[in-house]
Structures are given as C-alpha cells and as structure tokens.
Number of protein chains: 2
Amino acid sequence: MTPQKTFRETIAEGEALFQPSVSLDCVIFGFHENELKVLLVKAKASEHWALPGGFVFKEEDLDDAAIRVLKERTGLNDIFLQQFHVFGSAKRSDWNVHRTNFKKDGIEIGPDHWLLKRFITVGYYALVEFAHVKPTLDTSSDACTWWDLNDIQELFMDHKQILDSALDTLRLQLNHLPIGYNLLPQKFTMPELQKLYETILNKSLDRRNFQRRMTGFGILKRLKETRKGGAHRAPFLYSFDMRKYRKALKQGLYGGW
Amino acid sequence: MTPQKTFRETIAEGEALFQPSVSLDCVIFGFHENELKVLLVKAKASEHWALPGGFVFKEEDLDDAAIRVLKERTGLNDIFLQQFHVFGSAKRSDWNVHRTNFKKDGIEIGPDHWLLKRFITVGYYALVEFAHVKPTLDTSSDACTWWDLNDIQELFMDHKQILDSALDTLRLQLNHLPIGYNLLPQKFTMPELQKLYETILNKSLDRRNFQRRMTGFGILKRLKETRKGGAHRAPFLYSFDMRKYRKALKQGLYGGW
DNA sequence: GTTCATTGCGTCGAACTGACACAATGATAC
DNA sequence: GTATCATTGTGTCAGTTCGACGCAATGAAC
C-alpha cells in the first residue's frame, strides 16, 4: 500500500469515513534557536503551505481527532493541545481552485466531491518540545517541516489568519498559564526561559525582574547543576515543579479578582 | 403558515437547508434582581430545558448563524456574542431517545433522519441587557424564559456542561474585559456594578477597593445625577465612556507582561 | 429633627513593579 | 597562569498597587 494509494483511498472513501462539514487544523508551536517555529505541511492540493489538519472519523471525538493529527505529524503523545477558535465563514474554503492541482497528480474528482464542499474548521494550538518532534509526511502532503514564524507570509486558504489567531491566544495565555514547560526541554536555564517569553511577546524584558517574577510563581525548581560550556558565567538549570505546575495550570498564575 | 407547520417543514427540509454535522448553542446571560439569569427554551424533542440553539444555513457564516439565533430568541441585534468552546464528543447527542417525543407530537421521523445524526456543536455566550430582551418562542419549543442560574440542575443532552463551561469563560473574561456594559442598563450605580461582579464571581468584594479599581480603569464616566428613591444616601450614576471602553475591549484591562 | 444603613472619600502598611548597581563566574586571549 | 569581559546571581530603592479599614456625608423613614 503506497502512500499515493492511501491518499487516493482517503479521497475516494472520505465521505463514508468522516463526519461531514467539519475539519480541524493544528497550529503546532516549537521553540528552537531563540525563534518561535510552526510546523507546516506542503499540501498536494495547493501551491501553498498549510497547517496540519484533518477530518473527524464518524465515531471519533473531536478532541481525539486533534490528538491523532498531532500524533501523526509529530510522533508525539501527551501534549499541550487546546482548541482556540472555530473558523466558520461560508466563503473560507475555495477548494474548487485546487481541483486542477489534483489533476496534475492524476487524481480526478467530480464537482460534487465531498472535499469540495464547505468545511467549518476547529483551530487547535499545540506547544511541543522542538527536539522531540519528528516531522512526518502524511499521504496528502509533499513536505512537512518547521517554519520560522517570521518567514511565513501566505498560507493555504485562511490558514494564515488561523495562525495569527493562535498566536494571539498564545500571547494571552502567557499571562495566566505556565507556558514554558511544553516548549522547553526538561532542564533549562533562566535566560532560555526568558528568551522564550521575549520571542512570544516580541519585546525585551528586564533580566532581573523576569527572574524574580518567575521564581515568585513558585513553579520552578532550581537544580544543583549549571549549564557549562557557554562563553561566560554558567547559569543554573531549572525544571518545573510538576505538582505546583499542574496546580497553576488549573488555577492560573494570577488570582485576578 | 402555523408554527407547527414550519417546525414540520424544518424537520423535513433541514438536510437540504443546513450545513450537516454542525450546530450551535447560545448561553445567553442576563442580570436581574441581583441574580445571574440564563435564557432557556423547553424543547419539544425532550422533557428537559435546553440552550437556545440552531443550525447553520449552507451559505451562512457560522457567526452569523449565532447572531440569527440570538436575534430570534431575544429580539436583539448588536450584542456581545463570542464563541467559547466546541463540544465534539462522539457520544454527546442521543437524539434517538427523543424520537418518541416527536411521536407524541404526531411527528414521525425515520431512523436515518438528519436530526438523529451526530452533531458537533459550537458554544456561544452572549451578554444582554435583561430588560431589553423579549423571550420569543421558536417553532421547535414549547417555552422560552429566563432561569436563575442557581435553579438549573439538569438540561437537555450535554447543555448543562456547556452552560458551566460558558460560566467559567465569563469568570475568566471578567479579569481582562470590561463586562458590565453589556449586562447593565446604560446608566447604573457603582453598587449595582459591584453586585454584578459579586454575582458572577460568587464572592463578596470590598466596596471601597472595588470603586477605586473600577474608576482606575478609566472606562467609566460619573454623571451629575444620583439614583434617588433608595432608602439611604443616593449613589451617583455612571455610564461607560465608549471610546475608552472599546479600547479596553481590544487591549484588555491588564497589560500583563 | 433624630435615626441609621448606605455611600463617598481617605489612610496605612504590605506587597509588588520597574529601573538599575555591583560582585561573582568562567571561557577566551595572551 | 593571568588578565579580560560578557554574562549571571543577588540586592537596592523609589513609585505604585492592593487589601483592610476609618470616618464623615447623605437622605429616606420614623
């Protein structure tokens, strides 16, 4: 069973397999070399790169479908994954434009084909540890790789808008959720954590105030080790105190009212 | 065209009219007599009360469908309305249980009828001014009325869960959005605004600190008038400074980082 | 006019925030 | 081996905010 064949199969049998009208797209964030990255796929159906997405099997929970898509693209289970918005504009998909692209691959689909119908898509965003991800092709894609957030100009259909919306959500969540755990390796230094925050917020923070604030949350454990090998003074390594981390995940970092 | 007839028509023609698989439900919050209220409908299809909901026309934007449902139930346009979560469990709907209820109303539907299929529903929550709402029946309901939040025990399908989720979202939004504008009349007193916050958060706040904080946001205008007629000192009336209010809606009340 | 719950305004110490100083560290250059 | 120097750990300090509470003014009820 070649990939091409399963792709054809999916296209042929999709209507029977999937919940109609509904799709999902994942904005998968990673952090590498002090830059925020997004995992994109090059869809066969288009010239453009796209967010990894998929459809929901008829007996499958929506959230499980998102977990499945993530697992298929990254090889990862047990990941921070959250829906953030539904994109339901009537005109958001224009698959008909892409019929010709299918043709180029020798795949003919009729004008009433299920793939050409209107889809309402649920946006999920995921935070993953860059080094653990093995970007994996699926049968409907030519490529699957990390993109630097700053290099992304135009994407398939409304996927750029979905991406921007996910970034907004991430920036908002940064205020009341302990984000670092999902994007950094288990052990990390304070400057690394700060770079992550600076990158997401796109603004520089005071080193000393940042440290005071983060330690103040009480969700970090300072280890005895330091990160040697840098050109200067070796910073301490930290890891998350999982008990307090989970508590903060539920309650939020700020009490609010 | 009697209501009963359009109900039958909708049931008969729905498959051709609506986007399959997708529905939406609205959690409509109001504030009255110092209590948080939710607008519910008594569905013909069930013994239970339900959230006002609907389906998406084939050429209609998802958000427009929510606006339409809200307009139909409340008579209101131009309302604070926001999607907050998608409920996509495969087992969330068990319409088959309710086939018998249709039968009681003399409506027979087959086992493959579109209404019995699986739906993924998008949850919207709305904040409305209680006094402006005219609860309006639709053709699929026996009743439509306000319920006190505390009196709601069990609802249709998973609607109680949807309601609880909306309330969580509202409580979270309270931290960074100027909420009062949508739930209170144009002119209101500080104690009234405080009661609203206390009701939503289910906890009492210090009168003086509340006032300092709210005025500190700079989105309120104190009017020259006072609310006479109360048994004691007449409190000043306030209204929202719309320019600063809209700015706060976009930027959030707290800077965060 | 007295009563009294409620409202407007203010105070005070504790906690937090932003800006910055200074010493310690550790690889690199010489 | 030692000087260099960017980077890190820790601390200070003034300005601001926050939670708790005091007190006088108000206005309907008696």
Side-chain angles (χ1 to χ4, degrees), chain A residues 33-34 174-176 178 180 184-185 187-199 201-239 244 248 251-257, chain B residues 33-34 174-176 178 180 184-185 187-199 201-239 244 248 251-257:
Chain A
E33 290 174 347
N34 288 338
L174 207 59
N175 286 324
H176 51 98
L184 293 173
K187 297 176 182 180
F188 52 90
T189 67
M190 196 56 75
E192 286 163 4
L193 184 61
Q194 183 179 343
K195 276 276 186 292
L196 171 62
Y197 273 73
E198 290 181 333
T199 305
L201 295 170
N202 195 28
K203 97 180 170 192
S204 63
L205 304 168
D206 183 273
R207 182 176 62 86
R208 293 147 289 191
N209 296 336
F210 180 81
Q211 168 129 355
R212 184 174 52 191
R213 191 164 183 174
M214 291 307 293
T215 53
F217 289 143
I219 57 173
L220 295 180
K221 274 189 305 191
R222 195 173 87 171
L223 308 178
K224 296 238 160 73
E225 321 160 53
T226 55
R227 165 97 77 224
K228 308 260 182 185
H232 306 287
R233 179 170 181 175
F236 279 102
L237 286 171
Y238 288 81
S239 68
K244 295 180 181 171
Q251 302 190 349
L253 289 174
Y254 291 98
W257 289 85
Chain B
E33 291 175 344
N34 287 339
L174 207 58
N175 286 323
H176 52 98
L184 293 173
K187 298 176 180 179
F188 53 90
T189 67
M190 196 56 76
E192 285 163 3
L193 184 61
Q194 182 178 344
K195 276 277 187 289
L196 170 62
Y197 273 73
E198 290 181 332
T199 305
L201 295 170
N202 194 29
K203 97 179 170 194
S204 62
L205 304 168
D206 182 273
R207 182 176 61 85
R208 292 146 290 187
N209 295 336
F210 181 82
Q211 169 130 355
R212 182 175 54 190
R213 191 164 185 174
M214 291 308 291
T215 53
F217 289 143
I219 57 173
L220 295 180
K221 277 188 303 192
R222 194 173 87 172
L223 308 178
K224 296 236 161 72
E225 323 160 53
T226 55
R227 166 98 76 222
K228 308 259 183 185
H232 307 287
R233 179 171 181 174
F236 280 103
L237 286 172
Y238 288 81
S239 69
K244 296 180 180 173
Q251 302 190 349
L253 290 173
Y254 292 98
W257 289 83

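Reckoned from all heavy atoms, side chains included, excluding hydrogens, waters and symmetry mates. Numbered from 1 within each chain, the chains take letters A, B, ... in sequence-line order.
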| field | salt bridge (Lys or Arg N to Asp or Glu O under 4.0 Å) partners of A/R222, counting only residues at least two apart | value |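 For A/R222, no residue satisfies salt bridge (Lys or Arg N to Asp or Glu O under 4.0 Å) once neighbours in sequence are set aside.
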| query | Passes side chain to side chain contact (heavy atoms under 4.5 Å, CB included), A/T215 versus A/M190? Steps please. | reply | CA-CA 10 Å; A/T215 53; A/M190 196 56 75; 4.1 Å; yes
| said: Under 4.0 Å, heavy atom to any atom of DNA chain D: which of residues 217-235 of chain A qualify? | reply: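 By residue number: A/R222, A/H232, A/R233, A/P235.
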| message | Does any part of the side chain of B/H176, heavy atoms only, come nearer than 4.5 Å to the side chain of A/N175, both counted from C-beta? | response |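 A/N175 vs B/H176: side chains apart.
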| task | Hey, which sits more toward the 5' end of DNA chain D by its nearest nucleotide, A/R212 or A/M190? | result |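 Upstream on the strand: A/M190.
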Where do [X] and [Y] come nearest, in terms of heavy atoms and distance?
{"X": "B/G218", "Y": "B/K244", "result": "O-CD, 3.0 Å"}
{"X": "A/G180", "Y": "A/L196", "result": "CA-CD2, 3.8 Å"}
{"X": "B/P235", "Y": "B/T189", "result": "CG-CG2, 3.7 Å"}
{"X": "A/A234", "Y": "A/R227", "result": "CB-O, 3.4 Å"}

| message | Taking any atom closer than 4.0 angstrom to a non-hydrogen atom of chain A, what span of DNA chain C does the protein reach, first nucleotide to last? | response |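 Answer, 5' to 3': C/dT17 to C/dA27.
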| Taking the side chain from B/Q194 and the backbone from B/Q211, do they hold a donor-acceptor pair closer than 3.5 Å? |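 The answer is no, because no donor-acceptor pair under 3.5 Å joins these two groups.
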| task | Hey, which sits more toward the 5' end of DNA chain C by its nearest nucleotide, A/R213 or B/R207? | result |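 Between the two, 5'-proximity favours B/R207.
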| said: Need two values: the first and the last nucleotide of DNA chain D, 5' to 3', having an atom under 4.0 Å from any heavy-atom of chain B. | reply: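 Listed 5' to 3', the contact boundaries are D/dC18 to D/dA28.
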| said: According to ring-ring contact (aromatic ring centres under 6.0 Å, His included), who are the partners of A/Y197, at least two apart in sequence or on a separate chain? | reply: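 Result, ring-ring contact (aromatic ring centres under 6.0 Å, His included) vs A/Y197: A/F210, B/W257.
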| query | Can you name the residues that form a side chain to side chain contact (heavy atoms under 4.5 Å, CB included) with A/E225, not counting sequence neighbours? | reply |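 Expected list: A/K187, A/L223, A/L237.
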